[in-house]
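Have a look at the structure below before the remarks.
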There are 2 protein chains.
Amino acid sequence: MNLDNPEPTKVAIMEATYEALNKHGYSSLTIQDIADEFDRSKSLLYYHYESKETLLADFLEYTLQEFISEFEVGEEEPSIRLERLLDRLVPESVDTDSYPIQIALLELRAQAPHTEVYRERYSEVDTVLTETIEEILQQGIERGEFQDVDAESEAQLLVSMIYGTRVRRFTTDEFPVEQNREMLFTHVDRQLLV
Amino acid sequence: MNLDNPEPTKVAIMEATYEALNKHGYSSLTIQDIADEFDRSKSLLYYHYESKETLLADFLEYTLQEFISEFEVGEEEPSIRLERLLDRLVPESVDTDSYPIQIALLELRAQAPHTEVYRERYSEVDTVLTETIEEILQQGIERGEFQDVDAESEAQLLVSMIYGTRVRRFTTDEFPVEQNREMLFTHVDRQLLV
DNA sequence: TAGTATTGACTAACTATTCAGTCAATATAT
DNA sequence: ATATATTGACTGAATAGTTAGTCAATACTA
């Protein structure tokens with residue numbers, strides 16, 4: 001282990017993996033691709049990870065925790081928090097830098113049916129997002145800001161809408177993002193706001 | 001070309017590809033895997049297709065047309081047609097046979113960002129589904145069965161909900177299908193039905 | 001016969017993974 | 001304090017297996 005920080009080599013591996021995924025996408029990603037973005041040797045990857053699969057599982061863990069941290073949206077009134085969260089998860093435009101990694105995360109998600117560790121990770125993300133929204137709704141209902149809906153079910157529906165919109169944005173040409181965002185916000189206005 | 005039907009070899013290749021995808025999934029699919037499900041030789045695949053990529057593109061075309069044909073749901077009143085369509089696209093349970101191919105289609109969809117031909121196909125599916133729903137809504141509005149909503153926007157939202165639900169079902173453990181279905185139908189009841 | 005369909009044997013490139021060994025830093029023993 | 005042993009981090013080169021794709025020869029069909 002290095003001296004600078006607690007896990008600098010592993011951090012460097014994660015960053016190299018990130019870059020490699022950016023450039024090549026998941027399905028054609030090779031260990032060599034990762035090594036090419038890594039300033040140390042390819043063998044070292046096997047010193048730290050027993051296989052490509054475990055390396056990628058660790059990367060997924062690492063990256064999804066970052067994604068989860070995006071769910072944190074301050075302490076304002078529930079309606080504002082919900083709006084912020086939706087705006088962040090279904091933004092008007094995805095900035096060019098984060099585009100490739102979002103696509104890689106979609107590719108990894110599509111592997112989840114075949115790979116248990118991936119599925120566990122995505123299940124967790126799903127649960128955390130749903131619970132986050134549920135809490136916001138619950139708080140809004142208590143404060144009389146939202147109508148008295150079933151917070152859990154409503155959160156589930158919102159999560160599905162969010163993911164559906166995200167998937168379509170990345171996998172189709174000319175997806176009408178603005179129309180979908182509007183409908184998302186309209187749904188909140190009509191179903192939730194008092 | 002064979003004598004039996006117009007394209008029996010190509011049909012056999014499509015079926016072999018289907019089986020191979022069932023067994024191996026997309027990301028680890030090899031030409032050999034397809035050949036193993038094919039009663040003729042691997043070389044023959046290259047006689048009919050210039051590359052693995054074009055073979056899979058053709059397979060996607062073939063399979064998505066089948067998927068699109070599922071959108072056809074009879075001639076009853078719009079409210080019934082919509083309900084049937086939703087029930088078909090977000091069924092209570094996915095039958096074991098079609099499970100693997102649905103997953104393969106999700107994997108292929110995740111390749112769409114990198115592969116133009118795939119993206120075009122999925123864009124088309126998306127468009128057809130949206131337009132199908134839009135027509136149903138339009139007809140329902142005209143007949144006074146549905147409220148006077150913006151059919152196009154409402155169709156867009158429904159499509160995102162449908163896809164979101166499908167993605168989550170296949171990529172997470174313990175996805176609450178029933179709750180999501182209920183919310184989908186509740187949304188229709190509240191937003192659309194007069 | 002002439003074209004079409006099909007094959008098996010082949011290859012060149014690439015794949016993940018292994019392994020023997022280097023090296024600097026640290027711990028231990030005297 | 002000095003010599004010795006032991007470690008963890010790291011490397012270059014090799015390996016065994018897999019991959020998509022080719023091609024000359026052959027069977028089939030019209």
Start at the 5' end of DNA chain C and walk down; is the nucleotide closest to Lys42(B) or to Ser51(A) reached first?
-> Lys42(B)
With a 4.0 Å cut-off on heavy atoms, is Leu55(B) in touch with a base, just the backbone sugar-phosphate, or nothing at all?
-> nothing
What is the nucleic acid contact for Leu44(B), judged by heavy atoms within less than 4.0 Å: base, sugar-phosphate only, or nothing?
-> base
Rounded to whole Å, please give me the gap between [atom1] in [X] and [atom2] in [N].
X: His24(B); N: dT18(D); atom1: NE2; atom2: C1'; result: 14 Å
X: Leu45(B); N: dT22(D); atom1: CG; atom2: C1'; result: 14 Å
X: Tyr46(B); N: dG21(D); atom1: OH; atom2: P; result: 4 Å
X: Tyr47(A); N: dA13(D); atom1: OH; atom2: C1'; result: 20 Å
X: Ile31(A); N: dT15(D); atom1: CD1; atom2: P; result: 21 Å
X: Arg40(B); N: dT6(C); atom1: CZ; atom2: P; result: 5 Å
X: Ile34(A); N: dT17(C); atom1: CD1; atom2: P; result: 11 Å
X: Lys10(B); N: dT4(C); atom1: NZ; atom2: P; result: 15 Å

Side-chain donor or acceptor of Lys52(A) under 3.5 Å from a matching atom on the base of dT17(C)?
-> no
Is it true that a side-chain atom of [X] and a backbone atom of [Y] form a donor plus acceptor pair closer than 3.5 Å?
X: Arg169(A); Y: Val177(A); value: no
X: Arg81(A); Y: Glu76(A); value: no
X: Glu19(A); Y: Glu37(A); value: no

Measure up the Tyr26(B) and Tyr118(B) rings against each other and bin them: parallel (under 30°), tilted (30 to 60°), perpendicular (over 60°).
-> perpendicular
Tell me yes or no: between the side chains of [X] and [Y], is some donor less than 3.5 Å from an acceptor?
X: Thr172(B); Y: Asp126(A); result: no
X: Gln111(B); Y: Ser27(A); result: yes
X: Asp33(A); Y: Thr30(A); result: yes

If you check the Thr30(A) side chain, which of dT11(D), dA16(C), dC10(C) turns out closest?
-> dA16(C)
Among dT11(D), dG8(C), dG21(D), which nucleotide sits nearest the side chain of Ser41(B)?
-> dG8(C)
Quick one: which protein N/O atoms are closer than 3.5 Å to N/O atoms of nucleotides 23-25 of chain D? Pair and distance per line, please.
none

Any side-chain N or O of His48(B) less than 4.0 Å from the OP1 or OP2 oxygen of dT6(C)?
-> yes
